Amino acid sequence: MDAAGRFITSFVGELDDAPAKGPVLSAQLAHRLGLPPPDGPGTFDDLLDTFGQAARHAMETAGPRFFAYTPGGGLLSSAVAELLARAVNRQTALSWAAPGLVAMEQGVLRWLCSEYGLPADSGGLVTTGASMGTLSVVVAARHRHLNEDFRDGTLYVTAHTHFCVAKAARIAGIRPEHVRVVPTTPDLRMDVAAAAQLVAADRAAGRRPFLLVATAGTTDTGTVDPLLDLAALARREDLWLHVDGAYGGFFQLTRRGRDQLLGIASADSITLDPHKGLFLPYGTGVLLVRDPGALRAAHLEEGPFLQNAGAAEMLPNYAELGVELTREFRGLRLWLPLHLHGVDVFRDALDEMLDLAAHAHDELRRIPGIDVPWRPDLSTVVFRDEAGDEATRRLLDRILASNRVSLSSTRVRDRTLARMCVLSHRSHLEHVEDALELVRSAATHRPADPPLTAEGR
Ligand SMILES: *Cc1c(COP(=O)(O)O)cnc(C)c1O
């Protein structure tokens, strides 16, 4: 235990200066790391060493200059919670087996439901991530609206919807051509009128619309779909409204975020990723549902070996609400940091992210030759080299060559964009400034005369 503690302190202490990317994993080392376990015992210190070496051959996702994909950081208090939960090893699939712990987890879920304005009898589940929650949503919505014969079931997304929805639909047996892509307005939001038309046309053609997926913070650009109008459409057309808040949902804890997410209270379900917006370690998602009965109806099965089970009054059996049976006390990962630090610390951190992204946007706009097409709704800023896609890729390569920051890229409307997402509790102004300085310098030191290929604006 002491050696593990020392290891963690040293690892986390080095994060501030860690390179953006560790060394390339050699075939030799990969082979050594993958060796089968020996018949006899090993030495803990040696094994810790091996683990540390393996962990350093990686993208530095926990450091303060990680602005690629969707950061989260990884709060140490949550990792400690995880160790505690694993050490007591309670089973929280069925509430009678550990009612006290399930009561704690329920407290967090009830608090979240109230933050989003969901009714008192709403509920949910702590999942391993938004993908898992989304699968349960598609199955629950399918079950409620279409029952067993769902061949004609049709759902609605945009080009910026996370692919986990299409993946869940495929697993749930929805035909790929019935995942309908609604056009977006010039500011990249779902076009509500176009969605209404598509739903009407699908009904006329004999398809059965059942699920409308809005995104509260797209992965591409952090854009929030028009939730109020989509809620009205879902009501009118009797569709299940799902809001994907995996990236942006926790901005609801801030006043500005609440304004952006207006309408989220009308959702039938919301997916959240505490491993993004609450800075918790990977593997922690949340699914909130207006009607837990709909989740239960879609997931409930019974086994003859579970007959002796009593029932814990008032507490849900999580196994009846999702895909998993055996599960750890996942809720402590949320409960401990929230109770230990208090909610205000999270509000302030998320507010800081909004400020940092606004600052990055303003500064990027000042750099000659850099185009910043959209003002961020939340904490994701995208930009490009005015000279075109190839130039943008080269610009990004020059930034990343420093091995000091991580940014990523995406494609929106057939154009390549560099992307900076600020969402780690370890990222502050100085780290964003580091990234901006690298962009400035990469934009100034463009290599002379890029080849004159048929590219550009
Ligand atoms: C990350 C993300 C997902 C997928 O979540 P996982 O936790 O990786 O399963 C879904 N939607 C959005 C908007 C995301 O940012």
Side-chain angles (χ1 to χ4, degrees), residues 59 61 66-74 78 112 116 124-139 155-172 179 181-182 184 188-190 211-227 230 241-252 257 260-261 264 267 269-288 322-324 330 333-334 350 353 357 376-382 406-412 417 419-424:
M59 189 163 62
T61 44
F66 184 67
F67 304 114
Y69 313 103
T70 310
S78 186
L112 282 172
Y116 291 92
L125 194 63
V126 181
T127 63
T128 52
S131 296
M132 199 56 132
T134 305
L135 175 58
S136 285
V137 165
V138 172
V139 173
L155 64 92
Y156 300 85
V157 299
T158 74
H160 309 298
T161 304
H162 193 281
F163 66 79
C164 73
V165 175
K167 182 175 176 180
R170 184 147 57 91
I171 300 171
V179 178
V181 181
V182 180
T184 50
L188 308 180
R189 301 174 211 282
M190 186 184 278
L211 170 62
L212 177 61
V213 179
T215 306
T218 60
T219 315
D220 286 329
T221 54
T223 306
V224 182
D225 280 328
L227 302 180
L230 291 172
L241 175 65
H242 175 64
V243 177
D244 178 351
Y247 153 65
F250 281 109
F251 285 102
Q252 176 79 0
Q260 292 282 4
L261 303 188
I264 199 167
S269 54
I270 304 170
T271 38
L272 301 167
D273 262 341
H275 61 213
K276 294 174 180 169
L278 283 186
F279 327 121
L280 303 194
Y282 293 136
T284 315
V286 163
L287 166 61
L288 302 178
V323 177
E324 300 164 281
R330 201 169 290 148
R333 287 180 210 167
L334 288 137
L350 288 161
M353 306 301 145
D377 283 354
L378 299 172
S379 71
T380 303
V381 195
V382 293
S406 285
L407 303 182
S408 54
S409 62
T410 188
R411 279 184 73 77
V412 174
L417 295 156
R419 191 178 154 280
M420 178 174 183
C421 179
V422 190
L423 201 66
S424 163

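The residues of the chain are indexed from 1 along the displayed sequence. The structure displayed is predicted, hence computed values, not measured ones. Indexing begins at 1, ligand by ligand and atom by atom, following the structure's order.
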With distance as the sole criterion, is a donor-acceptor pair present between the side chains of [X] and [Y] under 3.5 Å?
{"X": "His275", "Y": "Thr284", "value": "no"}
{"X": "Thr161", "Y": "Tyr156", "value": "no"}
{"X": "Thr410", "Y": "Arg419", "value": "no"}

Review point. Hey, does Met353 have a side-chain heavy atom less than 4.5 Å from the side chain of Phe279?
Key: yes
Review point. Within a reach of under 6.0 Å around CZ of Arg411, are more than 12 heavy atoms found that belong to other residues, nucleotides or ligands?
Key: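 Counting other residues, nucleotides and ligands, CZ of Arg411 exceeds 12 neighbours.
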Revision key, fill the gap. The side chain to side chain donor-acceptor pair (under 3.5 Å) partners of Thr70 (sequence neighbours excluded) come to none
**Study point:** For ligand 1, the residues whose heavy atoms come within less than 4.0 Å (ordered by chain, then number)
**Key:** Gly129, Ala130, Ser131, His162, Cys164, Gly217, Thr219, Asp244, Ala246, Tyr247, Asp273, His275, Lys276
